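Since this is a predicted model, take the numbers as computed values, not measurements.
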Amino acid sequence: MSDPSPPTSQSSLREPAAAPSGGGFVALVGAGPGHPELLTLRGQKWLSRCDVVLYDGLSNTDMLVHAPQAEHICVGKHGQTRIWKQQEIIQEILRHAEQGKCVVRLKGGDPAVFARTSEEVDALVDAKVAFEIVPGITAALAAGSYAGIPITHRGIASAVALVTGHEEPGKPESALDWSALAAFPGTLVIYMGVTTAEAWTTALIEAGKPAGTPCAILRRCSLPDQQQIRCRLDEVVGHLTPASRFRPPVITIVGDVTRLSETMDWFSKRPLHGQCILVTRPAGQADELAAPLEDLGAEIIRQSVIEILPPEDWTEIDAAQDELASFDWLVFASANGVSSFFNRLEYRGMDSRALAGCRIAVVGKATAKRLAEYRLRPDYIPEQFTAESLLTHFTDLAPQNNKPLSSQRFLIVRANRGSDTLPHGLRTAGADVREVIGYRSVDVESVSPQVEMLARDGAIDWVIVTSSASAENLHRLFGDTIKPCRFAAISPITADVLKNLEYQVDAIADPHTMRGIVDAIASVMKP
């Protein structure tokens with residue numbers, strides 16, 4: 001089979017240039033308007049290769065997942081940490097570059113738009129440090145997509161001006177010609193204009209801009225909690241002052257194009273817009289739920305309530321794997337069990353040939369999908385993704401095969417806790433059942449202070465629970481604090497546990513899958 005990857009010469013064109021031999025290198029990377037997926041591929045590549053990342057408060061820290069190998073340095077976030085002075089940032093960049101390191105300076109928006117990039121570039125040029133500038137999506141452009149406001153429109157505005165609402169302190173006079181801006185035949189986009197709203201709106205109106213000019217004030221553009229206020233130019237101050245009323249980052253779009261957001265706004269019309277959802281799945285498994293929920297407009301909070309760990313002792317699994325040929329059925333109740341079992345098989349130098357003559361049954365499509373990653377297909381998946389349905393199948397199948405359950409051997413790979421319905425039912429029918437612990441489900445002992453605060457403040461709308469063990473530990477961790485929330489359960493069994501704990505269950509997955517949970521919540525939220 002031919003190699004499907006592109007030729008080396010083509011691939012190298014897409015890779016960032018390596019830092020010069022023996023010297024440092026600096027990539028000034030635009031992080032975009034906020035959403036982590038709006039980082040450019042070029043920016044992602046630099047993050048994956050750098051030694052140090054210096055990031056500001058407008059850069060989404062979720063992007064740092066692309067730089068696990070690097071040192072992460074925050075240069076300031078309003079209201080949370082000290083804001084570094086520009087000269088401090090420059091000195092820190094140079095310090096690392098002069099040590100021969102590859103440095104990423106991650107900047108919110110685009111490095112070329114009100115980002116003080118020229119000062120950093122001047123310092124790099126003076127120090128003879130090689131650098132690259134990687135563009136990012138600036139807030140003015142993001143607004144067109146995320147707020148339904150095209151900042152240019154062939155019938156309304158054929159030009160756009162990006163204007164700072166916060167000029168450099170100490171200037172003897174403003175460098176902005178407010179008369180020209182007031183007469184500008186297009187759209188004005190005001191950056192960093194919260195604390196100076198009274199000054200720039202007054203300047204525009206006094207220069208002849210009609211007080212009734214339509215405006216849109218946008219906060220946290222592209223993020224799930226994006227906010228938009230539509231108003232007149234002479235009403236902007238009332239919405240922005242004091243700054244605590246509509247906290248930065250904020251941009252204000254001035255012009256008739258803002259009227260179009262009423263019909264072009266898709267962002268706030270998504271079915272789960274404005275809903276804050278707590279996903280309680282173990283770390284590393286939350287994305288299967290989080291991604292489709294985010295696509296529907298939800299804000300996702302991740303807080304594991306159980307942790308998945310390997311068995312304390314592999315002796316039982318190893319012994320069972322050595323006897324696989326003696327079993328009629330190998331049964332997996334979860335994807336975690338599949339991964340644990342086959343990773344151990346590979347670790348021991350064995351492969352799927354050890355399963356010759358042994359049929360496989362799984363509970364659920366997610367488990368079957370995980371099995372497919374090991375190039376295997378299950379012989380049976382029950383229509384209802386429950387242990388009860390699987391038990392019914394085995395009971396009904398035995399007479400058809402002229403092989404009673406009493407003459408069959410089952411190997412069940414399971415967690416250290418969970419339902420005993422299947423093994424108990426099989427044993428009652430006379431089957432030879434062997435259970436092995438493929439993984440441990442362990443209670444998380446504490447929650448993050450941020451999640452605890454959100455729960456206490458009533459900021460969480462939905463809580464998703466995917467197992468009975470998760471339900472019980474959730475109650476231990478949060479108690480009555482999350483009782484006002486709505487709950488979505490993976491199955492009726494989990495729902496019953498939640499109800500017994502006096503939580504309100506408003507959605508139950510059918511089928512009992514991650515996608516089923518998403519669809520159940522969306523169905524409840526339909527107008």
Side-chain angles (χ1 to χ4, degrees), residues 5-78 80-139 141 164 168 191-192 249:
S5 60
T8 303
S9 59
Q10 293 183 21
S11 178
S12 63
L13 291 176
R14 296 196 299 270
E15 292 293 330
S21 178
F25 190 89
V26 177
L28 303 154
V29 177
H35 196 290
E37 293 181 6
L38 295 179
L39 175 70
T40 65
L41 291 174
R42 187 73 173 178
Q44 180 183 339
K45 286 180 178 179
W46 272 123
L47 284 171
S48 70
R49 298 182 57 180
C50 70
D51 302 301
V52 182
V53 183
L54 278 74
Y55 63 97
D56 60 36
L58 294 181
S59 305
N60 193 322
T61 54
D62 287 349
M63 295 178 185
L64 298 179
V65 71
H66 301 302
Q69 78 292 340
E71 179 183 359
H72 303 161
I73 301 173
C74 178
V75 298
K77 186 175 179 65
H78 286 284
Q80 295 186 23
T81 63
R82 181 181 73 85
I83 307 299
W84 291 29
K85 295 179 180 178
Q86 183 61 33
Q87 194 56 37
E88 289 181 282
I89 296 173
I90 291 172
Q91 290 304 316
E92 187 73 2
I93 292 172
L94 292 176
R95 182 173 74 85
H96 290 286
E98 288 167 356
Q99 293 174 8
K101 296 178 182 178
C102 177
V103 181
V104 165
R105 171 70 174 102
L106 193 62
K107 308 165 80 73
D110 182 277
V113 181
F114 304 127
R116 304 188 69 172
T117 300
S118 61
E119 297 170 53
E120 295 170 358
V121 168
D122 287 345
L124 293 171
V125 170
D126 289 343
K128 295 181 172 54
V129 174
F131 66 91
E132 175 181 328
I133 301 175
V134 181
I137 301 173
T138 189
L141 303 181
T164 178
E168 182 181 356
Y191 284 69
M192 300 172 290

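Under the 30°/60° scheme for interplanar angles, the aromatic rings of Tyr55 and His72 are found to stand perpendicular.
Glu119 and Gln87 are not linked by any side-chain donor-acceptor pair at a separation below 3.5 angstrom, with hydrogens and angles left out of the test. No hydrogens or angles considered: a donor-acceptor pair under 3.5 Å links the side chains of Trp46 and Glu132.
Annotation: side chain of Glu120 is not in contact with side chain of Val26 (no heavy-atom distance under 4.5 Å). The side-chain heavy atoms of Phe131 and Val125, taken from C-beta on, include a pair separated by under 4.5 Å. Considering only heavy atoms from C-beta on, Val53 comes within 4.5 Å of Leu64 through its side chain. Taking 4.5 Å as the limit, some side-chain heavy atom of Ile133 sits within range of a side-chain heavy atom of Val121.
When all heavy atoms of Ala115 and Pro111 are compared, the pair lying nearest together is CB-O, 3.3 Å. The nearest pair of heavy atoms linking Thr40 to Pro135 is CG2-O, 3.5 Å. Pairing each heavy atom of Leu94 with each of Ala123, the nearest pair is CD2-O, 4.1 Å. Pro33 and Leu38 get closest at one heavy-atom pair: CG-CD1, 3.5 Å. Shown here for Ala97 and Val129, the closest heavy-atom pair between the two residues is CB-CG1, 3.8 Å.
Rounded to the nearest 0.5 angstrom, Leu28 CG and Thr117 OG1 are separated by 6.0 Å. Note: Leu106 CG to His66 NE2 = 10.0 Å, rounded to the nearest 0.5 Å. Atom CG of Asp122 is separated from atom CD1 of Ile90 by 8.0 Å, given to the nearest 0.5 angstrom. Here the SG-CG distance, from Cys74 to Asp56, works out to 8.0 Å after rounding to the nearest 0.5 Å. Here Trp84 contributes atom CH2 and Leu54 contributes atom CG; the two are 6.0 Å apart, rounded to the nearest 0.5 Å. One finds the CE atom of Met63 at 5.0 Å from the CG atom of Leu39 (value rounded to the nearest 0.5 Å).
For Gln69, the CD atom is densely surrounded, since the number of other residues' heavy atoms within 6.0 Å is greater than 12.
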### Message
Is there a side-chain contact (heavy atoms from CB on, under 4.5 Å) between Glu92 and Arg95? Walk through the geometry before answering.
### Response
CA-CA 5 Å; Glu92 187 73 2; Arg95 182 173 74 85; 2.9 Å; yes

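Side-chain atoms of Asn60 come within 3.5 Å of backbone N or O of Gly34 as a donor-acceptor pair. Listed for the Ser59 side chain is no donor-acceptor partner under 3.5 Å among the backbone atoms of Ala31. In this structure, the side chain of Lys101 does not engage the main chain of Val52 through any donor-acceptor pair within 3.5 Å.
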